[in-house]
Amino acid sequence: QVQLVESGGGLVQPGGSLRLSCAASGYIFSIYAMAWYRQAPGKQRELVASITSGGSPSYGDSVKGRFTISRDNAKNTVYLQMNSLKPEDTAVYYCNAPRSRGEYFNWGQGTQVTVSS
């Protein structure tokens with residue numbers, strides 16, 4: 001039973017920072033790439049950042065230079081450090097493993113990030 005549990009969200013002012021965590025279980029975490037996604041009300045789910053099994057990161061254009069994805073295979077956890085937050089970053093953030101084209105594990109509950117002054 002695959003489980004993905006996101007945490008670390010909250011309310012921050014523009015320019016602030018948050019660190020999100022995703023605790024994974026039920027699969028061999030270390031051999032899968034992992035990714036963070038976000039979804040705002042009325043919008044499609046968006047890929048935010050991804051990281052290969054070897055630790056190589058990639059970022060969406062809207063977050064480059066501000067967000068950092070990392071992973072700790074010993075803890076089966078992937079992180080998203082978010083700096084210089086903007087109101088347009090407001091969304092529910094989810095993690096998952098894009099195993100192949102269009103295939104994902106079951107989605108967790110996500111964690112809400114709200115950026116507002």
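None of the values given here were measured: they were computed from a predicted structure. What you see below is based on every heavy atom in this structure, not just the backbone, and it leaves out hydrogens, waters and symmetry mates.
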Gap separating the OG atom of Ser53 from the CG atom of Asn73, nearest 0.5 angstrom
8.0 Å

Donor-acceptor contact below 3.5 Å, side chain Asn106 vs main chain Val2:
yes

Measure across Gly8 and Thr111 and return the closest heavy-atom pair with its distance rounded to 0.1 Å.
N-OG1, 3.9 Å

Show the numbers, then the answer: is there a side chain to side chain contact (heavy atoms under 4.5 Å, CB included) between Met82 and Arg66?
CA-CA 6 Å; Met82 305 186 297; Arg66 300 188 297 121; over 6 Å; no

Within residues 12-31 or reaching into it, pairs that qualify as side chain to side chain donor-acceptor pair (under 3.5 Å) - sequence neighbours excluded:
Ser17-Asn83

Distance col, row Cys95:SG vs Ile51:CD1, nearest 0.5 angstrom, shows 12.5 Å

What is the distance from atom OG1 of Thr77 to atom CG of Leu20, rounded to the nearest 0.5 Å?
12.5 Å

Against the six-membered ring of Tyr32, is Arg71 placed for a cation-pi contact (under 6.0 Å from the centre, within 45° of the normal)?
no

Residue pairs passing the salt bridge (charged side-chain N to carboxylate O under 4.0 Å, His left out) test where at least one lies in residues 2-18, sequence neighbours excluded
none

Between Thr52 and Ala33, is there a donor-acceptor pair closer than 3.5 Å when you use the side chain of the first and the backbone of the second?
no

Would a hydrophobic clustering, with Ile, Leu, Val, Met, Phe, Trp and Tyr connected at side-chain separations under 4.5 Å, put Phe105 with Ile69?
yes

Are Trp36 and Val115 connected in a single hydrophobic cluster, I mean Ile/Leu/Val/Met/Phe/Trp/Tyr linked by side-chain heavy atoms less than 4.5 Å apart?
yes

State yes or no: do Leu80 and Tyr104 share one hydrophobic cluster built from I, L, V, M, F, W and Y residues joined by side-chain heavy-atom distances below 4.5 Å, directly or via other members?
no

Neighbour count above 12 (heavy atom, 6.0 Å) for Ile31 CD1
yes

Does Tyr93 form a side chain to side chain contact (heavy atoms under 4.5 Å, CB included) with Gln39? I'd like the steps, not just the answer.
CA-CA 7 Å; Tyr93 284 70; Gln39 188 166 27; over 6 Å; no

Under 4.5 Å between side-chain heavy atoms, hopping through other hydrophobics if needed: is there a path connecting Val113 to Val92?
no

Indicate yes or no: at least one non-hydrogen side-chain atom of Pro57 is less than 4.5 angstrom from one of Ser50.
no

Please give me the minimum heavy-atom distance between Ala91 and Gln112, naming the atom from each residue.
O-NE2, 3.4 Å

So for atom CD, which belongs to Gln109, do other residues, nucleotides or ligands contribute more than 12 heavy atoms lying within a distance under 6.0 Å?
no

Between the CG atom in Leu47 and the CG atom in Asn96, the distance rounded to the nearest 0.5 Å is 11.0 Å

In terms of side-chain geometry, is the basic nitrogen of Asp89 or Lys86 positioned less than 4.0 Å from the acidic oxygen of its partner?
no

Heavy-atom pair of closest approach, residues Val63 and Val48:
CG2-O, 3.5 Å

To the closest 0.5 Å, what do you measure between SG (Cys22) and CG (Leu4)?
5.0 Å

Quick check: is Met34 connected to Tyr59 through a chain of hydrophobic side chains (ILVMFWY, heavy atoms under 4.5 Å apart)?
yes

Does Phe67 have Arg38 sitting over its ring (NZ/CZ under 6.0 Å from centre, angle to axis within 45°)?
no

Set out, in order, the CA-CA distance, both residues' side-chain angles and the distance that settles ring pair (Phe, Tyr, Trp, His ring centres under 6.0 Å) for Trp107 and Tyr37, then state yes or no.
CA-CA 11 Å; Trp107 296 92; Tyr37 305 84; 5.4 Å; yes

